[in-house]
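Chain A is the first sequence line, chain B the second, and so forth, proteins listed ahead of strands; every chain is numbered from 1.
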Amino acid sequence: MFFAIFKREFVSFFATPVAYVFMLIFLSLAAVFTFYLGNFYERGQADLGPFFNYLPWLYLFLAPALAMKSWAEEIKSGSIELLMTLPVKVWQAVLAKFFAIWLVLGLALALTFPLWLTAGYLGEPDHPAILTSYLASWLLAGAYVAISCCMSACTQNQVIAFILSVVVCFIYLLIGSSIFTQGLQTLLPSVVLDTLSSMGFLNHFEALSKGVVAASDVTYFILVSTLWLLIAGAVLNNKKSA
Amino acid sequence: MIQIKNLTKRFGDFIAVDQLNLTINAGDIVGFLGPNGAGKSTTMKMITGFMSPSSGNIVINDKDIQADDISAKKVIGYLPEGAPAYADMTVIEFLNFIAEARGLKGKQKKTALARVCQQVELDKMLNKTIETLSKGYKRRVGLAQALIHDPQILILDEPTDGLDPNQKHQVRNLIKNLAKEKIVIISTHILEEVEAVCNRAVIIAKGKKVFDDNTQALRSLAQQNQTVKIEFEAGLPDISQLKLAPGVKTVNTLDNNTVEVTSDANYNGLFSQILDLVHLQGWQVNAMYLDSEPLDKVFRQLTEEAA
């Protein structure tokens, strides 16, 4: 049952140009960020730092765009009634949709491999660090998708789902960013700031990108994703008794 | 078997379904009737496990669906109102998905797909995208997905709504030809449909059950209040005799040529009675017919009493 829904969701992205357009945009923007804004060549370093630094900001819009229709469209078209009367548990459906979208993002990420090849051609990059950066990026993408799926389950309007997702994801990004911590340094005690920034995405993402695979950072992303998927399941269950 | 006990559904202050009790056995083809907003769809949504009741319970094959909704969902085939589907899929992709989600595999799936496509005559449309189909075909796709696992219980919410008379006829035949040991529940507001396909009629109004019996009982209820219209060829003759005929309650003159005769509550031989009288009096009659909507009248009476 889980697999049938997962397959349908995944294939549906490729039935229309959605997935292709998405990948095209993702790859073009990734290239723009890496080479143009990130000064890939001028830095004189053979690593993918510029690419991975901009990735969280790129996902901020692309992950919600991909996930916004996941539940909102089902609710709007009434097909949710069909889905929920199949012999499927709510959590199975939630996970199936999540994994389908996460896999599409994973594919897009995997298609950036020429960047890795380029760095390898130009110098001697730290290959294990690049590998963990890719892992970190995919985990981060999962957290974005989980949040966006949850927002999509809250509304039948895809635009609202998109905007809510961007807002929530942006908050997660912001509280871990240096702009935020430096800006509020004088206003808030450092304990509060540290706690906040440890709840944000960026610290954990950067730690993983440096090639240090700490269980706590991996667990963090899995926990955030699980939490938002649980909320999505609760929201959908609640619709049943509303 | 479906047992519904004290089923109630509230939306805020509004009570959509109010203490409904119903037992449906194998072989019952139930016509579920009621005005719009009477709670038909809500009841169906609760039986299929899409909505949970505010109170009361639903037991399907001796299992409470609140405790075990998956077992219930496995034996139910459901056509939701308006036959929603994934519009961007082709018919065959969609049916394939439903078959897989219902746990059909390999050869079993293939046979099931072939069977439903033949049952609802979808063969020519298999590779068309669902959003490009006409209303009638969309409804058939909805029926096909409800039938694909050969369910023991079939719940159809307005299966013929928006179909043309030929399509309606087809759908009704399909339902009639389903295996005899199944339970079928059809919601509709077309009374003729209930007479044509069902063996039991349940009428609800304002969430409450107002009638529950076989379709013959519904028919005889209708015949208790017969009206016969007579169109005379040239002007009204002396109709005082009509008023004296047995069983006649009232005689109304509708226009220069037409009268309407209503019978007493429990008299059901009005038509032949009047026919005899017409012959006896030697009246020249253009047309003479039993009121064409007796069922509608019963429906109105039953559902307006509750209001």
Side-chain angles (χ1 to χ4, degrees), chain A residues 1-22 66 68-97 99-100 104 152-153 156 158 233-242, chain B residues 9-12 16 41 44-55 65-66 68-90 93-105 109 129-131 141-142 145-146 148-149 151 153 155 157:
Chain A
M1 330 286 117
F2 165 83
F3 189 71
I5 299 174
F6 168 78
K7 195 173 107 184
R8 195 205 80 75
E9 289 293 325
F10 185 72
V11 171
S12 79
F13 282 111
F14 294 91
T16 56
V18 173
Y20 302 104
V21 171
F22 171 82
L66 208 56
M68 65 182 183
K69 78 173 185 115
S70 57
W71 287 102
E73 197 179 64
E74 298 257 7
I75 298 167
K76 183 154 199 164
S77 76
S79 58
I80 190 166
E81 202 165 338
L82 205 69
L83 185 66
M84 290 307 181
T85 51
L86 291 171
V88 177
K89 291 272 183 202
V90 173
W91 63 265
Q92 285 177 321
V94 169
L95 281 182
K97 279 177 182 278
F99 278 113
V104 175
S152 181
Q156 55 167 303
Q158 294 191 32
V235 167
L236 291 166
N237 258 326
N238 197 41
K239 281 201 196 318
K240 222 172 135 176
S241 44
Chain B
K9 181 73 186 177
R10 281 182 222 96
F11 297 105
S41 291
M44 290 182 143
K45 282 175 187 174
M46 287 191 280
I47 300 175
T48 52
F50 179 65
M51 256 182 200
S52 31
S54 305
S55 66
I65 68 160
Q66 289 290 92
D68 181 7
D69 63 331
I70 297 292
S71 313
K73 286 172 181 175
K74 275 184 185 157
V75 295
I76 294 177
Y78 177 40
L79 172 71
E81 195 176 358
Y86 295 107
D88 52 359
M89 294 177 101
T90 66
E93 279 168 358
F94 175 68
L95 293 178
N96 226 319
F97 160 64
I98 299 286
E100 279 169 17
R102 291 224 172 254
L104 296 172
K105 282 187 215 92
K109 185 175 84 179
T129 322
I130 294 177
E131 62 195 345
V141 173
Q145 66 77 23
I148 204 150
H149 53 302
I153 299 169
I155 297 179
D157 200 348

Can you tell which part of [X] gets under 4.5 Å to a heavy atom of chain A, answering side chain, backbone, both or neither?
{"X": "B/Asp69", "answer": "side chain"}
{"X": "B/Met46", "answer": "neither"}
{"X": "B/Phe11", "answer": "side chain"}
{"X": "B/Glu93", "answer": "neither"}

So which of B/Ser71, B/Ala87, B/Ser52, B/Gly82 has the biggest tally of heavy-atom pairs under 4.5 Å with chain A?
B/Ser52
What residue, out of B/Asn96, B/Thr48, B/Thr90, has the most heavy-atom pairs lying under 4.5 Å from chain A?
B/Thr48
Close approach to chain A in residues 98-105 of chain B, criterion heavy atom under 4.5 Å
B/Ile98, B/Glu100, B/Ala101, B/Arg102, B/Gly103
Under a 4.5 Å cutoff for heavy-atom pairs, which residue among A/Leu83, A/Leu82, A/Val88 has the most contacts with chain B?
A/Leu82
What residue in A/Glu81, A/Met1, A/Lys7 has the most heavy-atom pairs under 4.5 Å with chain B?
A/Glu81
For B/Phe97, enumerate each residue passing the ring-ring contact (aromatic ring centres under 6.0 Å, His included) test, keeping only those at least two apart in sequence or located in another chain.
B/Tyr86
Would you please name every residue forming a ring-ring contact (aromatic ring centres under 6.0 Å, His included) with A/Phe10, sequence neighbours left out?
A/Phe14
Identify the heavy atoms of [X] and [Y] that sit nearest to each other, and give their distance.
{"X": "B/Pro84", "Y": "A/Ser77", "value": "CB-O, 3.5 Å"}
{"X": "A/Leu86", "Y": "B/Lys73", "value": "O-CD, 3.4 Å"}
{"X": "B/Ile70", "Y": "A/Lys89", "value": "CG1-CE, 3.8 Å"}

Distance, nearest 0.5 Å, that separates CD1 of B/Ile47 from OG1 of A/Thr85
12.5 Å
Please look at A/Glu74 and chain B and tell me whether the side chain, the backbone, both or neither of the residue comes under 4.5 angstrom of a heavy atom of that chain.
side chain
Sequence neighbours excluded and cut-off under 3.5 Å, please list the side-chain donor-acceptor pairs for residues 234-242 of chain A, or say none.
unit_1   : atom_1 : unit_2   : atom_2 : d
A/Lys239 : NZ     : A/Ala153 : O      : 3.2
A/Ser241 : OG     : A/Asn238 : O      : 3.4

